[in-house]
Amino acid sequence: QVQLVESGGGLVQPGGSLRLSCAASAFPFGLYTMNWYRQAPGKERELVARTTSPGDSTDYADSVKGRFTISRDNAKNTVYLQMNNLKPEDTAMYYCNVRWIQRDYWGQGTQVTVSS
């Protein structure tokens with residue numbers, strides 16, 4: 001059974017940094033695009049960043065370009081999201097996602113709160 005387990009969220013002051021991790025299992029991780037989404041209260045879930053396999057191409061939402069970096073370690077079946085210069089508007093639940101065999105899989109999410 002596909003599992004995605006996020007970690008690394010927390011409370012951080014504006015301008016601070018966090019590194020999210022997503023450990024994946026039960027599918028050929030190295031062959032698939034991995035995505036980070038986020039959802040703030042009262043808002044729709046939005047794509048934040050994606051990395052293709054084997055990690056040669058990345059895409060970012062305009063709101064996080066230049067501040068967030070997505071990366072992956074195929075040997076560890078893990079995808080990361082380095083978030084720098086965090087802003088209050090980055091506050092959200094962050095989810096790891098993969099689309100495998102025409103089905104979307106999601107982790108349980110990790111909460112990121114940016115507040116002074």
Side-chain angles (χ1 to χ4, degrees):
Q1 183 176 353
V2 172
Q3 280 197 319
L4 301 171
V5 181
E6 301 97 334
S7 61
L11 173 63
V12 63
Q13 293 186 342
S17 298
L18 285 173
R19 189 195 195 202
L20 306 184
S21 299
C22 171
S25 61
F27 68 97
F29 177 85
L31 300 180
Y32 285 84
T33 295
M34 296 297 300
N35 307 302
W36 282 101
Y37 282 78
R38 68 185 180 187
Q39 188 167 20
K43 294 188 177 182
E44 293 187 356
R45 193 171 293 191
E46 63 171 344
L47 178 65
V48 175
R50 66 162 44 124
T51 174
T52 62
S53 172
D56 292 332
S57 178
T58 57
D59 292 305
Y60 298 92
D62 288 343
S63 59
V64 307
K65 282 181 181 176
R67 301 188 297 122
F68 290 12
T69 302
I70 189 171
S71 61
R72 64 193 298 162
D73 185 337
N74 290 336
K76 295 182 178 180
N77 283 9
T78 301
V79 61
Y80 305 97
L81 187 66
Q82 177 67 43
M83 306 185 295
N84 298 329
N85 190 21
L86 282 160
K87 303 176 180 181
E89 51 264 43
D90 295 317
T91 295
M93 186 72 80
Y94 284 71
Y95 298 91
C96 182
N97 162 268
V98 65
R99 187 165 183 84
W100 183 55
I101 312 181
Q102 300 178 328
R103 176 181 170 180
D104 279 308
Y105 292 88
W106 301 89
Q108 83 288 350
T110 185
Q111 177 68 39
V112 172
T113 302
V114 185
S115 175
S116 55

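Scope of the values below: all heavy atoms of this structure, side chains included, with no hydrogens, waters or symmetry mates.
Residues Phe29 and Ala24 come closest through the heavy atom pair CD1-CB, 3.6 Å. Closest non-hydrogen pair, Asn85 versus Ser17, comes out as N-OG, 4.3 Å. Considering every non-hydrogen atom in both Gln39 and Lys43, the closest pair reads NE2-O, 3.1 Å. Ala23 approaches Thr78 most closely through the heavy-atom pair CA-OG1, 4.1 Å.
Between Tyr105 and Trp100, the two ring planes are tilted [angle within 30° to 60°].
If you chain together hydrophobic residues whose side chains sit under 4.5 Å apart, Met34 and Ile70 fall into the same group. Hydrophobic cluster membership is shared by Leu18 and Val48, with clusters built from Ile, Leu, Val, Met, Phe, Trp and Tyr side chains linked at under 4.5 angstrom. Hydrophobic clustering places Val79 together with Phe68 (ILVMFWY residues linked when any side-chain heavy atoms are closer than 4.5 Å, directly or through intermediates). Residues Tyr80 and Trp36 fall into different hydrophobic clusters, defined by Ile, Leu, Val, Met, Phe, Trp and Tyr side chains chained together at heavy-atom separations under 4.5 Å.
Taking CG of Leu31 as the reference point, atom OG of Ser53 lies at 5.5 Å (rounded to 0.5 Å). Atom CG in Asn35 sits 11.5 Å away from atom CG in Leu81 (nearest 0.5 Å). The structure places CE of Met83 at 11.0 Å from OG1 of Thr69, a figure rounded to the nearest 0.5 Å.
With sequence neighbours excluded, no residue forms a salt bridge (charged side-chain N to carboxylate O under 4.0 Å, His left out) with Arg45. Shown here are the side chain to side chain donor-acceptor pair (under 3.5 Å) partners of Glu46, two or more places apart in sequence or in another chain: Arg38. Judged as a salt bridge (charged side-chain N to carboxylate O under 4.0 Å, His left out), and not counting sequence neighbours, Arg19 has no contacts. Partners of Lys65 under the salt bridge (charged side-chain N to carboxylate O under 4.0 Å, His left out) rule, at least two apart in sequence or in another chain, are Asp62.
Crowding of Glu89 atom CD: a count of heavy atoms from other residues, nucleotides or ligands under 6.0 Å exceeding 12.
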Using distance only, find each side-chain donor-acceptor pair of residues 109-116 under 3.5 Å and give its atom names and separation, not counting sequence neighbours.
unit_1: Thr110; atom_1: OG1; unit_2: Gly9; atom_2: N; d: 3.0
unit_1: Gln111; atom_1: NE2; unit_2: Ala92; atom_2: O; d: 3.4
unit_1: Gln111; atom_1: NE2; unit_2: Thr113; atom_2: OG1; d: 3.4

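Both the sub-6.0 Å distance and the 45° axial angle are not jointly satisfied by Arg67 relative to the ring of Tyr60.
Checking side-chain atoms of Arg50 against main-chain N and O of Ser57 turns up no donor-acceptor pair under 3.5 Å. A donor-acceptor pair under 3.5 Å links the side-chain atoms of Glu6 to the main chain of Gln108, judged by distance alone.
Under the 3.5 Å distance criterion, with hydrogens and angles disregarded, no donor-acceptor pair is assigned to the side chains of Asn97 and Arg99.
In the hydrophobic clustering, where aliphatic and aromatic side chains (Ile, Leu, Val, Met, Phe, Trp, Tyr) are joined below 4.5 Å either directly or transitively, Trp106 groups with Tyr37, Leu47, Met93, Tyr95.
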